[in-house]
There are 2 protein chains.
Amino acid sequence: MRMPTTPNHLDQTLLALADPTRRAILQRLSAGETRVTELAQPFAMSLNAVSKHIRVLERAKLVHRRREGREHLLSFTPKPMDDVARWMDAQRANWSARLQALDDLLQEEDRAAASAPADKKGRTR
Amino acid sequence: MRMPTTPNHLDQTLLALADPTRRAILQRLSAGETRVTELAQPFAMSLNAVSKHIRVLERAKLVHRRREGREHLLSFTPKPMDDVARWMDAQRANWSARLQALDDLLQEEDRAAASAPADKKGRTR
DNA sequence: GCATCGTTCAACCTCTGGGTTGAATATCAA
DNA sequence: TTGATATTCAACCCAGAGGTTGAACGATGC
């Protein structure tokens, strides 16, 4: 039925980043403000296609557009990437916490086994 | 013409992460190995849909599957996320390096202006 | 005014993503 | 064997992504 679930910030940021053209654009922009045409120049695709990519990046708030006469100057905005970084850090913290807990548990068992050496079914490790 | 450009690792990882269901799956998995059905249980969608999400995560090598009888046990694999983190760090380093350079330049100009106070056209800031 | 430049809008195409349902496959339990 | 359980495969639907081309539109420069 395809509910109209509004995609959240992480969705849009990650989606925007999941394309090599758009990552290249960001890379270029992190070196400084750039016009649309200039930005499109190195790519083997129409200007229109690049324009669309830029809109995706804007939607994700990864780039900001400043109009100056007929030129549109794009610049990189790092904040959404910070949010992604935070999510990933939390995720990895979770993960390593669990590994640590597992490790603690194993050491606990080892100690228990050592103090009761009659136990036959030893864990292989 | 739709060239068959094979998507690289970053593409697949970021694409896999750009969906709330899949992020939730990873979150669950970072707490430990889980069966497919158990994993699907909290979601308001068919088991099949979740199965597809899992395949996307596998393609991105974010989860690993271990068969045990008829059960498939999924576990989280953090490496691809490390790669993403590295890319983002590089990106942000780039960005702040440029800001720093800009800042240095401005201070340089300020010093020049101070040592030649006759200059009329002062930068407004 | 008029041509040109920088950019987007609109329409279209094809491929993929996320979802469905129904059937197939493999394992377990009796 | 037979039936239940865990999971995928296959076919389909619809919306959206990524690309194209052609036209429109607002600044700029004679």
Side-chain angles (χ1 to χ4, degrees), chain A residues 1-26 28-29 33-60 62-75, chain B residues 1-26 28-29 33-60 62-75:
Chain A
M1 209 188 277
R2 211 65 193 98
M3 277 286 140
T5 47
T6 29
N8 66 31
H9 286 247
L10 274 185
D11 287 7
Q12 305 212 134
T13 306
L14 288 162
L15 196 71
L17 292 177
D19 180 287
T21 303
R22 288 194 291 262
R23 285 198 304 276
I25 290 179
L26 287 186
R28 175 67 176 79
L29 285 184
E33 241 185 6
T34 314
R35 290 188 306 123
V36 173
T37 319
E38 196 177 341
L39 208 49
Q41 200 272 326
F43 296 105
M45 67 181 74
S46 75
L47 178 61
N48 264 347
V50 174
S51 182
K52 280 191 179 185
H53 279 301
I54 293 172
R55 259 192 295 140
V56 174
L57 289 168
E58 270 186 297
R59 187 178 63 184
L62 280 162
V63 325
H64 173 253
R65 182 191 303 258
R66 179 169 74 85
R67 247 147 288 221
E68 190 161 294
R70 59 185 162 182
E71 304 184 346
H72 294 205
L73 300 188
L74 288 320
S75 55
Chain B
M1 207 192 273
R2 212 68 193 97
M3 278 284 141
T5 47
T6 29
N8 65 31
H9 285 247
L10 273 186
D11 286 6
Q12 305 211 133
T13 307
L14 288 163
L15 195 71
L17 291 177
D19 180 286
T21 303
R22 288 193 289 263
R23 285 199 302 278
I25 289 178
L26 286 186
R28 175 67 174 79
L29 285 185
E33 240 185 5
T34 314
R35 290 187 307 123
V36 173
T37 318
E38 195 177 342
L39 209 47
Q41 198 273 324
F43 296 105
M45 68 181 73
S46 73
L47 177 62
N48 264 346
V50 174
S51 182
K52 279 191 178 183
H53 280 300
I54 292 171
R55 258 192 295 141
V56 173
L57 290 168
E58 271 187 296
R59 186 179 65 185
L62 280 162
V63 325
H64 173 255
R65 182 192 303 258
R66 180 169 73 85
R67 248 147 286 222
E68 188 160 294
R70 59 184 163 181
E71 304 184 346
H72 295 206
L73 299 187
L74 288 318
S75 55

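If you're wondering where the values come from, they're calculated on a predicted model, not measured in any experiment. Heavy-atom basis, side chains included; hydrogens, waters and symmetry copies ignored. Reminder, nothing fancy here: chain letters follow the sequence lines and each chain counts from 1.
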_Whole angstroms only, please: what is the CD1-P distance between A/I25 and D/dG18?_
11 Å
_Can you measure B/R65 atom CZ to D/dA6 atom P for me and round it to whole angstrom units?_
15 Å
*Assess whether one donor atom and one acceptor atom, taken from the side chain of A/N48 and the base of D/dG22, lie less than 3.5 Å apart.*
yes
*Polar side-chain contact A/K52-D/dG19 base: donor and acceptor under 3.5 Å*: yes
Considering only [options], which nucleotide approaches the side chain of [X] most closely?
{"X": "A/L47", "options": "C/dT8, C/dG18, D/dG19", "answer": "C/dT8"}
{"X": "B/R55", "options": "D/dC9, C/dG18, C/dG19", "answer": "D/dC9"}
{"X": "A/S51", "options": "D/dA6, C/dT8, D/dG19", "answer": "C/dT8"}
{"X": "B/E71", "options": "D/dA6, D/dT8, D/dG19", "answer": "D/dA6"}

*Please list, chain by chain and in numerical order, all residues satisfying side-chain hydrogen bond (donor to acceptor under 3.5 Å, both in side chains) with A/R59, sequence neighbours excluded.*
none
*Quick one: label A/R22 by what it contacts on the DNA or RNA (base, sugar-phosphate, nothing), any heavy atom closer than 4.0 Å.*
sugar-phosphate
*asked:* If you assign each of A/I54 and B/L15 to its closest nucleotide in DNA chain C, which residue comes earlier from the 5' end?
replied: A/I54
Please tabulate, one pair per line, each protein N/O and nucleotide N/O from nucleotides 27-30 of chain C that are separated by under 3.5 Å, including the distance.
from   : atom 1 : to    : atom 2 : distance (Å)
C/dT27 : O2     : B/R70 : NH1    : 3.3

*Does B/S46 have a side-chain nitrogen or oxygen under 4.0 Å from the phosphate oxygens OP1 or OP2 of C/dG19?*
no
*asked:* Measuring to OP1 and OP2 of C/dG17, would you say a side-chain N or O of B/R59 lies under 4.0 angstrom away?
replied: yes
